[in-house]
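Following: one structure in structure tokens, then a few remarks.
Start at 1 and go down the list; that is how both ligands and their atoms are numbered. All residue numbers refer to positions in the sequence shown, counting from 1.
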Amino acid sequence: MLQEAAFTKVKAEKKTVTGADLLLEALKKEEVEVIFGYPGGAVLPIYDKIYDCDILHVLPRHEQGGIHAAEGYARISGKAGVVIATSGPGATNIVTGLADAMMDSLPLVVFTGQVATGVIGTDAFQEADILGITTPITKYNLQVRNIEDIPRLIKEAFHIATTGRPGPVLIDFPKDIASGMIEPPVEEEISLPGYQPTIEPNYLQIRKLTEAVSSAKRPVILAGAGILFSKASELLREYVEQQQIPVVHTLLGLGGFPADHPLFFGLAGMHGCYTANMALSECDLLINIGARFDDRLTGNLKHFAPKATVAHIDIDPAEIGKNVPTEIPVVGDAKVALSMLVKQEGKPPENSEWIQTLESWQKENPYWYENSNAPLKPQRVTEMLFEETNGEGIVVTDVGQHQMWAAQYYQFKNPDRWVTSGGLGTMGFGLPAAIGAQLADRSATVVAILGDAGFQMSTQELAVIREMNLPIKIAIYNNRSLGMVRQWQEIFYQERYSHSKIPSQPSFVKLADAYGIKGYEITSEQEAETILKEVMNNNEPVLLDFRVAEGENVYPMIAPGKGLHEMVGVKK
Ligand SMILES: Cc1ncc(C[n+]2csc(CCOP(=O)(O)OP(=O)(O)O)c2C)c(N)n1
């Protein structure tokens, strides 16, 4: 008996680290600056270690807020956003954020607590099959089964999330794995033979593209978010200036090419500008760099780029030819592809007539709206926010009309200043994503442009803004309605406004006050001018409740089923 006790003691002395220790150690090795996490039973062993850990921990007031904040952080910092949620309801609360990050290729490493391995599958308290639930909406997910694997698995998770086409990775952590003790394991290298993204494109494809550019008369580059992920903005500019190729942007790509550049011809897609959509409709060579030809961009595929040879540069081979037949596929990193393209000896295209045509379209068919002092016009508010921030703010939006006005009227000069939920279109994204964006760049002026309805899907995160004193400028475009839904009902459902009007909104100023944040109700352009001057440059959060015109619509617009050339609401 005595001998056995002594043996147990020796063993106990050797067991020096827990699974949770290994997790936090691995996060430090990855140089994680911030964790967006919410505690609960299954992650208590991890939270007990977080108590002594010097990585900043942000407590959102809802797990969905936490994961959207991590997305905002990832988009601006270029690093993986880190999230922790407990098992069961904590884990299911982050599902929307995972789907959002998957759609918009945002790198996240998400840890969920899980019930102990011995009771998995028994419907134990707060058990949810989060691997089953999230398999289609994660780049990769796994459950830790052996404590000694933790350092390698976490290293692999960060590698997978941030390389190739970025995306969310989820690691499910059973409670006994987090609290179990072992001797510190030997550091293992990652080994992922099945995951080898192609970085350098095939040289022959680069040649083929160069030749196609030389012989094109009406080339256009469609620049997507891949430009931002691969940090290729400078090289894109160099290539465009060398070859004199006009550029249009996708919604998520905004800022990848400077909006004030003479070869920039605007945002394309459902609410894009006339010139960008006509450029895609009339071009003879379309070079897609890092965009995925989604339906909001292409409109009816039967009418999309009908006269063009299509080239597509993408790090994800699955995207090439998925929606649009592609004659020149180029698989690889956008920056590497552009660095190869600028070195090619290729004669620039003879396209001066094409550029003149685009310039005249741009002059004759700009975005337009009828301004008035009151009711305040949301387009004018966006222009004022642009002016007040010199076009250098970080703009984060929610989803709806305000999002489209932000994309149309805020002219991004620089990359990585734009955070929006593009693919999933997630209401409730904006406010928490602004928190993450501000944490990624403390010195930036962060403007959160939100609708009055989307704001109410995550108002609780005002508490984080106050607590951390983040000087976010919250601009609510308050049209007392689900504006984008109302617009569709007006145009496509004979003005039958089924549940899209909310005349009895609460006082957002009083709500802000309850959280200790100063708020203003703004009803005219004059008022907006005075208040913006007062608040935009101070170091405090503020809520601006812009009472904007209720019936304003976003134009131009491409109706579902129509081609890009069939825009309505274009200035004549
Ligand atoms: C979670 C979620 N639910 C529903 C929708 C559908 N939807 C898209 S835009 C919109 C209206 C948004 O209204 P608001 O936030 O006030 O913005 P506005 O369009 O008025 O600018 C709705 C309901 C969505 N995108 N996301």
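Every residue meeting the salt bridge (Lys or Arg N to Asp or Glu O under 4.0 Å) condition with R61, not counting sequence neighbours, appears here in chain and number order: E467.
Nearest protein neighbour of atom 7 (N) of ligand 1, counting heavy atoms only, is M427 SD, 3.7 Å. Looking only at heavy atoms of the protein, atom 21 (O) of ligand 1 is closest to H402 ND1, 2.8 Å. Summary of contacts: the protein heavy atom closest to atom 15 (O) of ligand 1 is G454 N, 2.7 Å.
For S500, no heavy-atom contact with ligand 1 is shorter than 4.0 Å.
L482 and A453 get closest at one heavy-atom pair: CD2-CB, 3.1 Å.
For ligand 1, the atoms closer than 4.0 angstrom to any heavy atom of N479 are 20 (O). The distance from ligand 1 to the heavy atoms of A453 drops below 4.0 Å at these ligand atoms: 13 (O), 14 (P), 15 (O), 16 (O). Atom numbering of ligand 1 starts at 1 in the shown order; those under 4.0 Å from a heavy atom of V485 are 10 (C), 22 (C), 23 (C). Within ligand 1, counting atoms from 1 as listed, the ones closer than 4.0 Å to a heavy atom of G425 are 24 (C), 25 (N), 26 (N). Remark: ligand 1 atoms within the under-4.0 Å shell around heavy atoms of G483 are 13 (O), 18 (P), 19 (O), 20 (O).
Not one N or O of Y477 is nearer than 3.5 Å to an N or O of ligand 1, by distance alone. Among the atoms of D398, none of the N or O lies under 3.5 angstrom from an N or O of ligand 1. Note: an N/O pair closer than 3.5 Å links M484 and ligand 1 by distance alone.
Of the candidates L482, V548, T426, it is L482 that places a heavy atom closest to atom 13 (O) of ligand 1.
With L286 as the partner, the side chain to side chain contact (heavy atoms under 4.5 Å, CB included) test is satisfied by one option alone out of V248, I221, V324, L280: L280.
Rounded to the nearest 0.5 angstrom, D295 CG and M270 CE are separated by 7.5 Å.
At least one heavy atom of S481 sits closer than 4.0 Å to an atom of ligand 1.
Side-chain rings of Y47 and H57 approach one another, their centers coming within less than 6.0 Å. No close placement of the Y367 and Y274 rings is indicated, their centers lying 6.0 Å or farther apart.
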* Derivation of the side-chain contact (heavy atoms from CB on, under 4.5 Å) call for L170 and Y140 -> CA-CA 7 Å; L170 181 139; Y140 183 55; over 6 Å; no
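Legend: ring-ring contact (aromatic ring centres under 6.0 Å, His included) pairs involving residues 64-100, not counting sequence neighbours, sorted by first then second residue: H68-F429.
With respect to the salt-bridge test (charged N to carboxylate O, under 4.0 angstrom), the residues R547 and E521 qualify.
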